[in-house]
*Asks:* 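Below is one structure. I have some questions about it.
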Amino acid sequence: MVPPHIGVELAATIYDCLKKWGIDRKVFSVTLDNTTNNDSLQTILKGHFGLQKSLLCDSEFFHMCCSAHILNLIVQEGLKATTDVLFRIRESVKYVKGSDGRMRKFEQCVKQAGISTKLGLRLDVTTRWNSTYLMLESTLQYEIAFSSLQLVDRNYSVCPTFDHWRRAEKIFEFLEPFYEITNLIFAKSYPTSNLYFMQV
């Protein structure tokens with residue numbers, strides 16, 4: 001769709017497509033993120049369908065908020081209280097992955113610590129909390145190696161403390177159910193509401 005992506009234009013485009021496909025009288029609900037243009041889009045679409053008298057349940061279920069978006073907002077808010085821990089872990093991963101020499105030194109620390117995981121270090125994308133979960137999943141296994149690296153590399157100054165690692169474990173435990181339910185909701189190749197509706 002060409003810009004502008006305002007509610008009126010979005011509603012017109014969607015309604016035209018629904019009519020073209022012959023399903024404009026078969027719509028039960030739409031699922032949207034919480035944005036202003038989506039608010040006006042759903043109001044306009046509800047008006048069109050209301051004129052056709054094609055909405056069930058007096059349109060009570062017409063606009064459904066995106067479950068994945070709501071989960072994302074909850075988790076992002078929860079993570080605001082953990083910035084110091086995540087900063088140290090994120091910077092530690094960046095530091096190790098920042099040069100081949102540091103990576104070799106870290107691999108020696110891993111070997112000396114007897115860590116046998118196949119999971120490599122992962123760096124998160126700060127705007128995607130699920131990548132923070134994956135970063136914690138990998139780095140928690142390397143706690144001893146990071147502590148050893150601090151002893152042999154004087155330039156490594158952001159090593160998480162023992163308390164940081166314990167808090168990281170708690171953050172990981174906090175994120176785990178959100179990660180699992182988000183993977184359930186985000187499936188793209190099959191309908192998913194029947195999988196999570198009873199669990200929400």
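As a basis for the values below, the full set of heavy atoms in this structure was taken, side chains included, without hydrogen atoms, waters or symmetry mates.
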*Asks:* Say whether Ile74 and Ile181 are linked into one hydrophobic cluster, either directly or through other cluster members, by side-chain heavy-atom distances under 4.5 angstrom.
*Replies:*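 Yes, Ile74 connects to Ile181 through the hydrophobic network.
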
*Asks:* Could you measure the distance from the CZ atom of Arg167 to the CZ atom of Arg88? Nearest 0.5 Å is fine.
*Replies:*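 So the gap between those two atoms works out to 11.0 Å.
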
*Asks:* Flag the pair Phe87 / Glu91 as yes when at least one side-chain heavy-atom distance between them is below 4.5 Å, and no otherwise.
*Replies:*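 The answer is yes; the side chains approach within 4.5 Å.
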
*Asks:* Report the relative orientation of the aromatic rings in Phe174 and Phe178; use parallel for angles under 30°, tilted for 30 to 60°, perpendicular for over 60°.
*Replies:*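 Phe174 vs Phe178 ring planes: tilted.
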
*Asks:* Does the Thr161 side chain pair with the main chain of His164, one donor and one acceptor, at a distance under 3.5 Å?
*Replies:*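 Indeed, once roles are kept as given, a pair shorter than 3.5 Å links the two residues.
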
*Asks:* Tell me whether Val152 is reachable from Val110 by hopping between hydrophobic residues (I, L, V, M, F, W, Y) whose side-chain heavy atoms are closer than 4.5 Å.
*Replies:*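 Yes; Val152 is reachable from Val110 via cluster members.
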
*Asks:* State plainly whether one hydrophobic cluster holds both Val125 and Ile171, where clusters connect Ile, Leu, Val, Met, Phe, Trp and Tyr through side-chain heavy atoms under 4.5 angstrom apart.
*Replies:*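 Not linked; separate clusters.
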
*Asks:* Do Phe162 and Tyr142 share a hydrophobic cluster, counting only Ile, Leu, Val, Met, Phe, Trp and Tyr and linking them when any side-chain heavy atoms are less than 4.5 Å apart?
*Replies:*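 No: no chain of side-chain contacts under 4.5 Å links Phe162 to Tyr142.
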
*Asks:* Please determine if Glu77 and Lys80 form a salt bridge, counting it only when a charged side-chain N lies under 4.0 Å from a carboxylate O.
*Replies:*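 Lys80 and Glu77: salt-bridged.
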
*Asks:* Nearest 0.5 Å, what's the CD-CG distance between Glu107 and Asp100?
*Replies:*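 The CD atom of Glu107 sits 9.0 Å away from the CG atom of Asp100.
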
*Asks:* When you compare the side chain of Ile144 with that of Gln112, does any pair of heavy atoms fall below 4.5 Å?
*Replies:*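 Counting from C-beta outward, Gln112 and Ile144 never come under 4.5 Å.
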
*Asks:* Verify side-chain contact (heavy atoms from CB on, under 4.5 Å) between Leu119 and Glu137, making sure each step is shown before the conclusion.
*Replies:* CA-CA 9 Å; Leu119 211 53; Glu137 179 184 47; 4.0 Å; yes

*Asks:* For the residue pair Tyr95 / Asp153, report whether a side-chain donor-acceptor contact shorter than 3.5 Å exists.
*Replies:*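 Yes.
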
*Asks:* What's the separation between atom CE in Met103 and atom CG in Leu149, rounded to the nearest 0.5 Å?
*Replies:*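 One gets 11.0 Å once the value is rounded to the nearest 0.5 Å.
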
*Asks:* Between atom OG of Ser40 and atom CD of Glu9, what is the distance when rounded to the nearest 0.5 Å?
*Replies:*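 The OG atom of Ser40 sits 10.5 Å away from the CD atom of Glu9.
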
*Asks:* Would you say the side chains of Asp124 and Ser131 form a donor-acceptor pair under 3.5 Å?
*Replies:*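 Checked: Asp124/Ser131 side chains show no N/O donor-acceptor pair below 3.5 Å.
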
*Asks:* How long is the straight-line distance from CG of Leu140 back to OG1 of Thr117, given to the nearest 0.5 Å?
*Replies:*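 The OG1 atom of Thr117 sits 11.0 Å away from the CG atom of Leu140.
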
*Asks:* Using 0.5 Å steps for rounding, measure from the CZ atom of Arg128 to the CG atom of Leu134.
*Replies:*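 One gets 10.0 Å once the value is rounded to the nearest 0.5 Å.
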
*Asks:* Is a side-chain donor or acceptor of Ser138 paired with a backbone partner of Arg122 at a separation under 3.5 angstrom?
*Replies:*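 Indeed, once roles are kept as given, a pair shorter than 3.5 Å links the two residues.
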
*Asks:* Which atoms form the tightest heavy-atom contact between Leu45 and Tyr15, and what is the distance?
*Replies:*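 For Leu45 and Tyr15, the tightest heavy-atom pair comes out as CD2-CB, 3.9 Å.
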
*Asks:* Just wondering, do Leu79 and Leu175 contact through their side chains at under 4.5 Å, heavy atoms?
*Replies:*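 Side-chain contact under 4.5 Å: yes.
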
*Asks:* Mind running side-chain contact (heavy atoms from CB on, under 4.5 Å) on Leu121 and Met135 for me, showing each step along the way?
*Replies:* CA-CA 7 Å; Leu121 287 178; Met135 177 182 72; over 6 Å; no

*Asks:* Parallel, tilted or perpendicular: which describes the rings of Tyr133 and Tyr179, with under 30° parallel and over 60° perpendicular?
*Replies:*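 Judged by the thresholds at 30° and 60°, the geometry between Tyr133 and Tyr179 is parallel.
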
*Asks:* Apply side-chain contact (heavy atoms from CB on, under 4.5 Å) to residues Ser92 and Tyr156 and explain how you reach the verdict.
*Replies:* CA-CA 8 Å; Ser92 292; Tyr156 177 42; 2.6 Å; yes

*Asks:* Assess the residue pair Arg166 and Glu143 against the criterion (side-chain contact (heavy atoms from CB on, under 4.5 Å)); give the C-alpha distance rounded to whole Å, side-chain angles, the decisive distance to 0.1 Å, and a yes or no.
*Replies:* CA-CA 10 Å; Arg166 299 300 67 82; Glu143 176 184 351; 2.7 Å; yes

*Asks:* Taking side chain as C-beta onward, heavy atoms only, is Ile89 less than 4.5 Å from Trp165?
*Replies:*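 SC-SC contact between Ile89 and Trp165 confirmed.
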
